[in-house]
Amino acid sequence: MSERFLPPRGTSDIYDEDERRFRFVTDAAMHAARCACFQTLHTPVFESARVFARGLGEASDIVHKEMYLFEDRGGEPLTLRPEFTAGVARAFIAGGFHQKLPVKFFSTGPLFRYERPQKGRRRQFHQINYECYGYMKPESDADMILLASDILSSLRLQGSIAVEINTLGDSDSRFRYKQELISYLLDYKNDLSEDSRRRLESNPLRILDSKNEGDKLIVADAPELYDSLSQKSVEFFARVRECLDTAGLVYAVNPKLVRGLDYYNDTVFEFTTDGLGAQNTILAGGRYDGLTQLAGGPVVPAVGFAAGIERLAALLTDIPEDVPPVLAVSIGDAALPYLSRIIRELRAAGIPVDHAGEGNPKKQFKLADKRRASFVIIAGDDEIAAATVKIKNMTAGIEEIHTLPRARKVLADAYSV
Ligand code: HAM
C-alpha cells in the first residue's frame, strides 16, 4: 500500500461543518470590519524573522521558542508569521501610511506557532485581526474594546464571556516597575519555577501571569505595577474605564494581566470564556504606541486586537446551513450540453446549481436527495425538442414543465435573486 499522509501535528484540514463554522466567524468579522470602516490588508504569510523578533521581543515565548524559522533557497532568514500585528506595522511603514493617518486595517488568515498542540491550541491557526493607527486618545482604546465585545455578541457564543483589562503604563513607568519587581522576586529566586527564573532577567513582567502554583503565591504579594504609574498613565486608564462604564460594559481590572508580547503600553485586555477548557482566551489586544518606531518608522500611536477563529468557531451555537442547491438531472447524455447552458445561466444569476453527478437518472436523483437539493431540473430529448425543462420542487414533491425563461424566473423567485 502506498504511504498515506496526515496533516502535520497541530494543523487540520477544515471542511464540512467545521468549514461552515469557520466561514460564519470570518463573514461576521468582515462585516463588522466594513461597518467600522476598516480597510482589509493582506500581508505575506512569511516575513523576515527580524520583523517579529524586534516587535514582539526576543524574550517573548513566541520569538524565543515558537516561530517557524527557515532559510529560503537564497539563504534569506524567514519566518512563518506567528501573529499579524508586527507584520501589519511593517506593511504600514512600507506603504507610507503614516502620511495618511488615521487608518484602520482588518486582516484574517493563517498563523503559525510551534506550540504543544492541545484542545484550542494549534500550530497552524487563524485569527481575525483589527489594528488602528493614528489614534492616541483613551477613548479609542475603549472603542476597540467595545468593538471586540460587539463582534463576540454578534456571534452568539455559548458559555459566558469575561472581559479583563489592565494598564502597563508608559515605558518609563514600566522601567521603574521592572526594577522594583526584580528586586522583590530576587528574594524568592530559588523558589520560582524554572521558566520564571529564566524570565527574571529577560521578561520579569511575564512572571506576574505565571500559571505555576508556587509562582502565584510569590506573585500575590509582589509590588503592583499600578503604584509605579506616571500621572499621565493613571489618567489615561481612568478615562478608558470611564468610557467603558458609560457604555455599560461589564469588565474586571486584573492588575496581573500583562500579555506576552513586548510591544504593548498602557491599555491591555483579554476576553475569556468558560466554554473551552484550558485555552480559554478568545480575544486579546491592547495599545502599542512604540511598534512602528521599532519597525524603523516614526512613532505612531496604535491600538488593536485579535481573536482566534478556531476558538470562536468551537463556541458557535446555531450556524446556518448552506442554501440548498438546485441539481440538474439529465435523461441521457444528449441532454448534458443543454443542461450545462441552463446551469451557467442560473449560476450567473446567483443561484447555487450543479449537475447531479454522472450516473443514470435514478443515481442522479439519489445524489439530489443526499445533497438536500431544493429543486431538481430535468431534461431529456423531449425537453430539448420543446426548449423546455422540468422543475421538481423537492419539498412539495411537485413537478412542472416550464419554458426556459419561465424556469429561470421560477428559480430566481425561489432564491430571491
Ligand atoms: P495573542 O494573545 O497571541 O495576541 O493571540 C490572540 C488570540 O489568538 C488568542 O486569544 C487566541 O484566541 C488565538 N490564538 C493564539 N494562539 C493560538 C493557537 N496556538 N491556537 C489557536 N488559537 C490561538 C496576538 O496575536 C496579538 N497580535 C493581538 C493584537 C492585535 N494586539 C494588538 N493587535
Side-chain angles (χ1 to χ4, degrees), residues 9-12 14 22 25 29 33 38 41 43 47 51-52 55-57 60-68 80-92 104-133 135 140-141 144-145 147-148 151-152 155 157 161-165 168 206 209 257-273 275-292 300-315:
R9 199 161 119 76
T11 73
S12 42
I14 303 168
F22 197 96
V25 174
F38 282 74
L41 170 66
T43 60
E47 297 265 8
V51 167
F52 298 98
L56 279 61
S60 66
D61 278 353
I62 295 181
V63 175
H64 182 65
K65 54 186 184 189
E66 294 171 4
M67 291 215 293
Y68 279 85
L80 295 180
R81 62 183 180 196
E83 59 123 45
F84 280 110
T85 312
V88 171
R90 199 249 337 111
F92 170 90
K104 294 157 76 164
F105 295 117
F106 169 75
S107 305
T108 186
L111 303 162
F112 307 86
R113 296 184 192 176
Y114 189 75
E115 296 195 81
R116 201 160 35 78
Q118 65 179 81
K119 185 166 174 268
R121 190 162 70 192
R122 321 285 303 153
R123 287 185 173 169
Q124 174 172 328
F125 62 100
H126 301 75
Q127 282 181 350
I128 48 174
N129 186 84
Y130 302 74
E131 313 286 7
C132 298
Y133 285 89
Y135 295 84
S140 303
D141 303 40
M144 286 299 270
I145 295 171
L147 175 66
I151 292 170
L152 297 182
L155 294 172
L157 303 176
I161 294 172
V163 184
E164 288 190 341
I165 66 170
L168 302 177
R206 279 310 302 278
D209 69 359
L257 177 66
V258 290
R259 309 273 302 127
L261 311 164
D262 272 9
Y263 50 62
Y264 292 114
N265 61 277
D266 288 295
T267 321
V268 287
F269 51 91
E270 281 189 0
F271 288 60
T272 53
T273 171
L276 276 183
Q279 298 306 314
N280 62 353
T281 309
I282 46 178
L283 183 151
R287 173 164 286 281
Y288 55 96
D289 296 338
L291 184 58
T292 46
V300 181
V303 54
F305 65 81
I309 296 181
E310 285 83 354
R311 292 188 191 175
L312 297 178
L315 291 167

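Order of listing sets the numbers, starting from 1, for every ligand and every atom in it. The shown structure was predicted, so the numbers you read here are calculated from the model rather than taken from an experiment.
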What closest approach, in Å, do T43 and A91 show between heavy atoms, and which atom pair accounts for it?
CG2-CB, 4.0 Å
Counting only N and O atoms by type, is there a donor-acceptor contact under 3.5 Å from the side chain of R287 to the main-chain atoms of N265?
no
Once salt bridge (charged side-chain N to carboxylate O under 4.0 Å, His left out) is applied, do any residues pair with E47, and if so which ones, sequence neighbours excluded?
R90
Those residues with a heavy-atom separation under 4.0 Å from ligand 1 are E83, T85, R113, E115, G120, R121, R122, F125, Q127, N129, E131, R259, L261, Y263, Y264, T281, I282, L283, A284, G285, Y288, G304, F305, A306, G308, R311
Expected output: side-chain R123 to main-chain R113 donor-acceptor under 3.5 Å:
no
Y68, OH: over 12 other non-hydrogen atoms inside 6.0 angstrom
yes
Donor-acceptor contact below 3.5 Å, side chain K119 vs main chain Q279:
no
